[in-house]
Number of protein chains: 2
Amino acid sequence: MLVRINTAPRKPVDGQLAVLAGERMFCSEFRYRRGSEIFGEGEEPEYVYQIISGAVRTYKLLPDGRRQINAFHLPGDMFGFENETTHRFTAEAIVETNVHLMRRTSILETVRYGGAGTKDLIRFVTQNLQHAESHMLLLGRKTSLERVTAFLLEMDERLQRPDVMILPMNRRDIADYLGLTLETVSRALSILRDEGLLRFDGNTQRRLELVDRGALARIDA
Amino acid sequence: MLVRINTAPRKPVDGQLAVLAGERMFCSEFRYRRGSEIFGEGEEPEYVYQIISGAVRTYKLLPDGRRQINAFHLPGDMFGFENETTHRFTAEAIVETNVHLMRRTSILETVRYGGAGTKDLIRFVTQNLQHAESHMLLLGRKTSLERVTAFLLEMDERLQRPDVMILPMNRRDIADYLGLTLETVSRALSILRDEGLLRFDGNTQRRLELVDRGALARIDA
DNA sequence: ATTCTTGTTTGATCTCGATCAATAAGCCGT
DNA sequence: ACGGCTTATTGATCGAGATCAAACAAGAAT
């Protein structure tokens, strides 16, 4: 029997960025090592990025080091667009990551001249906003078990429900995304495992299999 | 000595909506009673709103009634724009509220035909996103005292630092905005009062005066 | 004024998730 | 394979904020 795992990107990678800027736009490629910074909060935005392979986290820090991850970006996803003169958060490669990048000014020109990409740009920003709004509900009002379950279902969907899900991020990243500690994330995963809703696959804790998506969906209020 | 309070709107109310749609656009007026719903989550979006006077809360609910308020809207603010076919949250008047409203389709047409309002629309959505991103940091990582302080400073700024700030929303609204309970909000306010950073003005708890904005800013990490 | 309702504060106690701590399990390079 | 390092799990304890509860204050209606 064939087991689908999410090692290879499953979304078409050509889409959004090209649409946004018009097909003939120059689009170079770049590779970031695991853990390296792609851009920092407060820096001037030069490029817009689309992930070819790998994974990226974007986050904000408080002065004392507390971290809130806004979003994880997976193959096919765009990130880094700014309307202002500074980046509002930091972006880092979670694993070795290949991206397409394109000058931000190219995209702004598209908008200025009423290009076809304008609607897509509005849709892109709106989708980010939509994600942020549901994440506020999670952060403000959900329990730890609900948060972890919501995270699993979000990743499951974005990876197109693979049989075995390979998470690129560690427990601390998940915790900083969900407003929890890594211990609480680990405990919640253990509970879900003990109740038979998911399985850790083989001998590594980053591969997991959602056994009962229905029951998980019922937990995520 | 003249004491500035925020009973009257201080921002020009003409701005955004008119710019967005073009000056000649038809723009009617409407009044909502205290507590009444302006639109509900899941409904089809018909209008975009700009507040003339009053205040509005927008929120999401979980099935069991837990509520997360995304944002408060004050005189001059626009809200209710949707790119999708349904509203992503509910909007209610907090107090008696007068709005300008304009058909959503008019605004979408402006974008379709590459109107001057397109850039403003992108800026509008981006500002919402920006607010949501910093609110995620608050909800995920700040303490109750930091949250309440951040709320006070946010309102202070949006009301243009009046000498006496009149909050239109009650403690429960503030709590549901900050991911806390109303008791915790009340306790935090009492702490700030006891430490001399703010005063309750006269005999009502909704009027307050920020005595030491510097100290408040230092608390809000 | 008086009553009713709604909103706010304050206190007592509880609980969920944080913190502290130890162990275990992978991963990587040699 | 081995050792060194990072990541994850699990247990014990703590504490910030929730919950439960009561008293109090402020409007609004009569």
Side-chain angles (χ1 to χ4, degrees), chain A residues 33-35 57 62 64-68 94-96 138-152 166-194 198-208 219 221, chain B residues 33-35 55 57 62 64-68 94-96 138-149 151-152 166-194 198-208 219 221:
Chain A
R33 287 196 315 282
R34 172 186 141 88
R57 59 182 168 241
L62 289 175
D64 64 359
R66 282 173 284 172
R67 183 177 70 157
Q68 178 62 42
I94 298 176
V95 293
E96 179 164 295
L138 178 147
L139 292 171
R141 289 300 178 219
K142 291 188 181 178
T143 67
S144 62
L145 197 64
E146 288 167 350
R147 293 180 202 208
V148 171
T149 304
F151 166 77
L152 291 172
I166 302 182
L167 298 175
M169 69 290 284
N170 63 26
R171 301 291 190 256
R172 171 170 297 280
D173 288 334
I174 299 173
D176 285 351
Y177 178 59
L178 299 178
L180 300 170
T181 60
L182 63 93
E183 293 93 333
T184 299
V185 170
S186 180
R187 278 184 240 274
L189 289 172
S190 297
I191 289 171
L192 295 173
R193 167 181 36 75
D194 294 347
L198 65 83
R199 261 199 288 272
F200 290 98
D201 188 70
N203 48 8
T204 180
Q205 300 101 327
R206 302 250 190 120
R207 289 163 171 256
L208 40 89
I219 289 176
Chain B
R33 286 196 314 281
R34 172 185 141 87
R57 59 184 168 239
L62 289 174
D64 65 357
R66 282 173 284 173
R67 183 177 70 157
Q68 178 62 42
I94 297 175
V95 293
E96 178 165 295
L138 178 147
L139 293 170
R141 288 298 179 222
K142 291 189 182 179
T143 67
S144 62
L145 197 64
E146 288 167 350
R147 292 180 202 209
V148 171
T149 304
F151 166 76
L152 291 172
I166 302 181
L167 298 175
M169 68 291 284
N170 64 24
R171 300 290 189 255
R172 171 170 298 280
D173 287 335
I174 299 173
D176 285 351
Y177 179 59
L178 298 178
L180 300 169
T181 60
L182 64 93
E183 293 94 332
T184 299
V185 170
S186 179
R187 278 184 241 273
L189 289 171
S190 297
I191 289 171
L192 295 173
R193 166 179 39 75
D194 293 348
L198 65 83
R199 261 199 289 271
F200 290 99
D201 188 68
N203 48 7
T204 180
Q205 300 103 325
R206 302 254 189 115
R207 290 164 169 256
L208 40 89
I219 289 176

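By convention in this document, chain letters (A, B, ...) are assigned in the order of the sequence lines, proteins followed by strands, and residues within each chain are numbered from 1.
Partner of Arg147(A) under the side-chain contact (heavy atoms from CB on, under 4.5 Å) criterion, out of Leu152(A), Thr184(A), Leu178(A): Leu178(A) alone.
Between Ile174(A) atom CD1 and Arg172(A) atom CZ the span is 12.0 Å, to the nearest 0.5 Å. In this structure, CD in Glu146(B) is found 9.0 Å from CD1 in Ile219(B), a value given to the nearest 0.5 Å. Put simply, NZ on Lys142(A) and CG on Leu180(A) are 12.5 Å apart, with the number rounded to the nearest 0.5 Å.
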Look for any protein N or O under 3.5 Å of an N or O in nucleotides 27-30 of chain C and output each such pair with its distance, or none.
| unit_1 | atom_1 | unit_2 | atom_2 | d |
| --- | --- | --- | --- | --- |
| dC27(C) | OP1 | Thr204(A) | OG1 | 3.4 |

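At least one side-chain heavy atom of Leu139(B) sits under 4.5 Å from a side-chain heavy atom of Gln68(B). Side chains of Asp173(B) and Arg67(B) form a contact here, defined as non-hydrogen atoms less than 4.5 Å apart.
Within a 6.0 Å sphere centred on CZ of Arg34(B), other residues, nucleotides and ligands contribute 12 heavy atoms or fewer.
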Next item on the list: Any chance you could list the contact pattern along nucleotides 3-16 of chain C? Use B for base contacts, S for sugar-phosphate-only contacts and - for none, protein heavy atoms under 4.0 Å, 5' to 3'.
Entry: ----SSBBBB----

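A nucleotide of DNA chain D counts as in contact with chain B when one of its atoms lies under 4.0 Å from a heavy atom; the first and last such, 5' to 3', are dG17(D) to dG27(D).
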Under 3.5 Å, side-chain donor or acceptor atoms of residues 185-193 of chain B against the rest of the protein: list the pairs with distances, not counting sequence neighbours.
| unit_1 | atom_1 | unit_2 | atom_2 | d |
| --- | --- | --- | --- | --- |
| Ser190(B) | OG | Ser186(B) | O | 3.1 |
| Ser190(B) | OG | Arg193(B) | NH2 | 3.3 |

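Side chain of Arg207(A) to main chain of Leu167(A): no donor-acceptor pair is present (N/O by atom type, distance under 3.5 Å, no hydrogens or angles).
Taking the salt bridge (Lys or Arg N to Asp or Glu O under 4.0 Å) definition, one finds that Glu183(B) meets it with nothing, sequence neighbours left out.
Taking the screw axis at each terminus of the helix from dA1(C)-dT30(D) to dT30(C)-dA1(D) from five consecutive base pairs, the angle between the two is 50° to within rounding of 10 degrees.
Across all strands shown, Gly35(B) has no heavy atoms under 4.0 Å from either base or sugar-phosphate atoms.
Salt bridge status for Asp64(B) with Arg66(B): present, with a side-chain N to carboxylate O gap under 4.0 Å.
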